[in-house]
Amino acid sequence: MTTYAIIGGTGLTALAGLELDQAQTFETPWGAPSAPVQRGHYAGRPVLFLARHGHPHRIPPHQVNYRANLWALKEAGAEAIVAVNAVGGIHAAMGSGHLCVPHQLVDYTWGRGHTFFEGADLEHVTHIDFSFPYDEPLRQRLLGALRRLQLPHSDHGVYAATQGPRLETAGEIVRLERDGCDIVGMTGMPEAALARELGLPYACLALVVNPAAGKVQREITMAEIEAVLASGIDEVRQVLAEVLAD
C-alpha cells in the first residue's frame, strides 16, 4: 500500500477529517520544514500531511524551505506526493473554482534552494531528467478521482511558477500566455524538481482562485481569492479522499 503525502498550500493548512496519530518534528540537513509532518489516516488510508506555508499560514512562497519539506516527507516514509496549489487562471477555460491537473510547467523563480545536489561534500555532478515533471500514473489517479466525482476540471495544463509574493502584472501574464502557460502559481517549483531528485512520484492538483492579471478589468483582491478558496477547498478534499480510497 503506497504511503501518500499531501502538501497543502494556501487554503489547506490543515486537513479536515485527518485522524491524527502523530505530529513529527524533523531537523533536516537543509534546516527545519514549514511545519511538523502530520501522520494519520484519511478516508481510511494512512497518509502524511505537511502545510507548505506553515500552520497558521505565515511563510511566503519565496521563503518556503522546499528542500527541508521534501526531505522531511521522505524521512517520514512518503512514497508519493500530491501537491495542492492555489493558482491564477490565464485562459478563459480556467475560471475561478476550476480544478486543473497540470502536465507541464515553466519555472520563472529565482534565488530559491532548488537542488539537493550541491555543496562541498558533493561527490559528483548529478543531473535529473525533468522532461515530464509530473508523474503520469499519479496524474491519472487524480484525473480518475475527478471523473468519478463528476467535478469540472482540465486534464492537462502548463503551470507557470513565478517568484511572488506579489501577484503578476498584466504584462507578465501576456508573456506567460505567449510562452504557452495556462495557470500561474508561486509554489510549483522547486518542489516538483526536488521530489524528482528524491525519487518520489509527484503530481499537482491546482485550484484556480482568481483570473490572472489583465484578464478582467479590475484589481484582484484577497477577499475574492479567499471566497473561492472557502468554496473550492471542499472539492479538493473530496478528490484527495477519492484518490486515497481508490
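Since the structure is predicted, the reported quantities are computational estimates derived from the model, not experimental observations.
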Trainee: Under the 3.5 angstrom rule, does the side chain of Arg67 hit a backbone N or O of Leu194 as a donor-acceptor pair?
Mentor: no
Trainee: Any carboxylate oxygen within less than 4.0 angstrom of a Lys/Arg side-chain nitrogen, looking at Arg218 and Glu224?
Mentor: yes
Trainee: Please indicate whether Gln150 has more than 12 foreign heavy atoms, meaning atoms of other residues, nucleotides or ligands, lying under 6.0 Å from its CD.
Mentor: no
Trainee: Using the rule side chain to side chain contact (heavy atoms under 4.5 Å, CB included), only one of Val64, Val37, Thr28 pairs with Asn69; which is it?
Mentor: Val64
Trainee: For Ser154 and His156, indicate whether the former's side chain and the latter's backbone hold a donor-acceptor pair under 3.5 Å.
Mentor: no
Trainee: Any side-chain heavy atom of Ser96 within less than 4.5 Å of one from Pro211?
Mentor: yes
Trainee: Distance-only, no hydrogens or angles: does the Arg45 side chain make a donor-acceptor pair with backbone N or O of Tyr4 under 3.5 Å?
Mentor: no
Trainee: Has Gln140 got a side-chain atom pairing as donor or acceptor with Asp135's backbone, closer than 3.5 angstrom?
Mentor: no
Trainee: A side-chain contact here means heavy atoms from C-beta on lying under 4.5 Å apart; do Leu207 and Leu229 qualify?
Mentor: yes
Trainee: At their closest point, which heavy atom of Ala160 faces which heavy atom of Leu176, and how far apart are they?
Mentor: CB-CD1, 3.9 Å
Trainee: Does a side-chain N-to-carboxylate-O contact under 4.0 Å join Lys74 and Glu197?
Mentor: no
Trainee: Taking C-beta and beyond as the side chain, do Pro133 and Gln104 meet within less than 4.5 Å on heavy atoms?
Mentor: yes
Trainee: Same cluster or not: Tyr108 versus Met186, using hydrophobic residues (I, L, V, M, F, W, Y) connected whenever any side-chain heavy atoms lie under 4.5 Å apart?
Mentor: no
Trainee: Which heavy atom of Ile220 sits nearest a heavy atom of Ala213, and at what distance?
Mentor: CD1-N, 3.8 Å
Trainee: Assess whether atom NE2 of His62 is packed by more than 12 heavy atoms of other residues, nucleotides or ligands within 6.0 Å.
Mentor: yes
Trainee: Measuring from atom OH of Tyr159 to atom OG1 of Thr187, what distance do you get when rounded to the nearest 0.5 angstrom?
Mentor: 4.0 Å
Trainee: Any link between Tyr202 and Phe132 through a network of hydrophobic side chains (Ile, Leu, Val, Met, Phe, Trp, Tyr) touching at under 4.5 Å?
Mentor: no
Trainee: About how many Å separate CZ of Arg196 and CD1 of Ile81, when rounded to the nearest 0.5 Å?
Mentor: 11.5 Å
Trainee: Report yes if some heavy atom in the side chain of His53 is under 4.5 Å from a heavy atom in the side chain of Arg58; otherwise report no.
Mentor: no
Trainee: Which heavy atom of Pro36 sits nearest to which heavy atom of Leu50, and what is that distance?
Mentor: O-CD1, 3.8 Å
Trainee: Under a 4.0 Å N-O cut-off, is there an ion pair linking Arg166 with Glu172?
Mentor: yes
Trainee: When hydrophobic residues are tied together by side-chain contacts of less than 4.5 Å, even through go-betweens, does Leu143 share a cluster with Val158?
Mentor: no
Trainee: What are the two closest heavy atoms between Val87 and Gly185, and how far apart are they?
Mentor: CG1-CA, 4.3 Å
Trainee: Under 4.5 Å between side-chain heavy atoms, hopping through other hydrophobics if needed: is there a path connecting Ile225 to Ile90?
Mentor: no
Trainee: Verify the ring-centre separation between Tyr66 and Trp30: is it less than 6.0 angstrom?
Mentor: no
Trainee: Nearest 0.5 Å, what's the CG-CD distance between Asp107 and Gln163?
Mentor: 9.0 Å
Trainee: Just do the side-chain contact (heavy atoms from CB on, under 4.5 Å) check on Val84 and Leu240 with the steps written out, would you?
Mentor: CA-CA 9 Å; Val84 178; Leu240 295 175; 4.3 Å; yes
Trainee: Less than 4.0 Å between a side-chain N and a carboxylate O, is that true for Lys215 and Glu177?
Mentor: yes
Trainee: Given 3.5 Å as the limit, does a donor-acceptor pair link the side chain of Ser34 with the main chain of Arg52, or not?
Mentor: yes
Trainee: Report the C-alpha distance between Val82 and Ile7 in whole Å, list the side-chain angles of each, state the deciding distance to 0.1 Å, and finish with yes or no for side-chain contact (heavy atoms from CB on, under 4.5 Å).
Mentor: CA-CA 6 Å; Val82 175; Ile7 300 179; over 6 Å; no
Trainee: Please report the interatomic distance NE2(His103) to CG(Asp182), rounded to the nearest 0.5 Å.
Mentor: 7.5 Å
Trainee: Compare all side-chain heavy atoms of Ile233 with those of Val236 and state whether any distance is below 4.5 angstrom.
Mentor: yes
Trainee: Using the rule that two of Ile, Leu, Val, Met, Phe, Trp, Tyr join whenever any of their side-chain heavy atoms come within less than 4.5 Å, decide whether Leu105 and Ile173 are in one cluster.
Mentor: no
Trainee: Looking only at heavy atoms, which two atoms of Tyr134 and Pro102 are closest? And how far apart?
Mentor: CD1-O, 3.3 Å
Trainee: Which heavy atom in Met189 sits nearest to a heavy atom in Arg112, and how many Å separate them?
Mentor: O-NH1, 2.8 Å
Trainee: For a side chain to side chain donor-acceptor pair (under 3.5 Å) with Glu242, tell me which candidate from Arg141, Arg147, Arg148 qualifies.
Mentor: Arg148
Trainee: Hey, does the side chain of Arg139 reach the backbone of Ala203 with a donor-acceptor pair shorter than 3.5 angstrom?
Mentor: no
Trainee: Donor-acceptor pair, distance only, cut-off 3.5 Å: does the side chain of Gln38 make one with the backbone of Ala23?
Mentor: no
Trainee: What's the separation between atom CE in Met94 and atom CG in Leu99, rounded to the nearest 0.5 Å?
Mentor: 10.5 Å
Trainee: What's the spacing between Glu235 CD and Leu146 CG if we round to 0.5 Å?
Mentor: 9.0 Å
